[in-house]
Amino acid sequence: MSNLDKLRDEIDMIDKELVEILEKRMKIAMDVGKYKKENGLPILNKEREKQVLERISNYVEDDNLKKYILELFQSIMDESKELQKNI
C-alpha cells in the first residue's frame, strides 16, 4: 500500500467520524428548530452565530486553517437553518 493510499484511508476514517458527528448535530438542530417554531422564535440568531464562530475560532490551533474551518462552520450553520425552516 502506498503512502497516498494510507493517507486516503485516514481521510476515509475521519469522514466516517465526521458524518456521525454531523448527523448528531443536525438532529439537535432539528430539535432547536422545533423549539423555535413552538415558541415563535426566529430561525436566524445573528448573535448566536457570531458566538459560535468566535468559539470555533478559538479552538483552531493552526492559524493557516482558521479561515477554512470558519467557512465550513458557517456552511454547517446555514444548512442547519435550512433544516429548521423545513420543520
Side-chain angles (χ1 to χ4, degrees):
M1 183 180 286
S2 73
N3 193 35
L4 179 59
D5 289 337
K6 288 178 186 178
L7 292 170
R8 286 179 174 163
D9 284 346
E10 283 185 59
I11 286 175
D12 290 347
M13 288 188 301
I14 292 168
D15 286 349
K16 183 180 184 301
E17 292 174 33
L18 283 170
V19 167
E20 291 170 0
I21 291 168
L22 288 170
E23 189 170 16
K24 189 176 191 179
R25 188 186 194 288
M26 295 302 277
K27 286 180 180 181
I28 294 170
M30 286 174 58
D31 292 339
V32 168
K34 289 175 190 172
Y35 180 90
K36 287 177 178 180
K37 185 174 186 177
E38 291 168 359
N39 291 279
L41 299 172
I43 297 298
L44 176 60
N45 182 334
K46 288 184 182 183
E47 185 59 33
R48 169 67 178 158
E49 285 192 16
K50 180 181 171 188
Q51 291 170 354
V52 169
L53 291 175
E54 286 175 2
R55 183 173 33 82
I56 297 302
S57 179
N58 291 328
Y59 294 158
V60 180
E61 295 177 9
D62 186 336
D63 285 337
N64 295 317
L65 299 176
K66 190 171 285 198
K67 171 188 179 288
Y68 304 102
I69 292 172
L70 290 175
E71 288 175 1
L72 180 60
F73 269 88
Q74 183 62 61
S75 293
I76 290 168
M77 289 189 295
D78 291 345
E79 291 304 320
S80 293
K81 288 182 288 194
E82 283 300 312
L83 177 64
Q84 291 176 1
K85 287 177 189 176
N86 293 311
I87 290 177

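For reference, positions follow the sequence shown, starting with 1.
- Side chains of R48 and Q51 form a contact here, defined as non-hydrogen atoms less than 4.5 Å apart.
- Between the side chain of N39 and the backbone N or O of L41, no donor-acceptor pair lies under 3.5 Å.
- Note on Y59 and L72: same hydrophobic cluster, where clusters join Ile, Leu, Val, Met, Phe, Trp and Tyr whose side-chain heavy atoms are under 4.5 Å apart, directly or indirectly.
- By the 4.5 Å heavy-atom criterion applied to side chains, N58 and R55 are not counted as neighbours.
- Of all non-hydrogen atoms in Q84 and A29, the two that sit nearest each other are NE2-O, 3.1 Å.
- Note on Y68 and I56: separate hydrophobic clusters, where clusters join Ile, Leu, Val, Met, Phe, Trp and Tyr whose side-chain heavy atoms are under 4.5 Å apart, directly or indirectly.
- V52 and L65 fall within the same hydrophobic cluster, defined by Ile, Leu, Val, Met, Phe, Trp and Tyr side-chain heavy atoms under 4.5 Å apart, directly or through other members.
- For the pair D9 and K6, the salt-bridge criterion is not met [side-chain N within less than 4.0 Å of a carboxylate O].
- Annotation: side chain to side chain contact (heavy atoms under 4.5 Å, CB included) contacts of L44 (sequence neighbours excluded): K46, E49, K81.
- Through chains of ILVMFWY side-chain contacts below 4.5 Å, L83 is grouped with M26, M30, I87.
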**Study point:** Audit row: K16, E20, salt bridge (charged side-chain N to carboxylate O under 4.0 Å, His left out) steps and yes/no
**Key:** CA-CA 6 Å; K16 183 180 184 301; E20 291 170 0; 2.6 Å; yes
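- Connection of I69 to I76 is established within a shared hydrophobic cluster, with ILVMFWY side chains joined at heavy-atom distances below 4.5 Å, either directly or through further cluster members.
- At least one side-chain heavy atom of I11 sits less than 4.5 Å from a side-chain heavy atom of D15.
- Of the possible polar contacts, none joining the S57 side chain to the L53 backbone as a donor-acceptor pair under 3.5 Å is found.
- Rounding to the nearest 0.5 angstrom, the gap separating the CZ atom in R8 from the CE atom in M13 is 15.0 Å.
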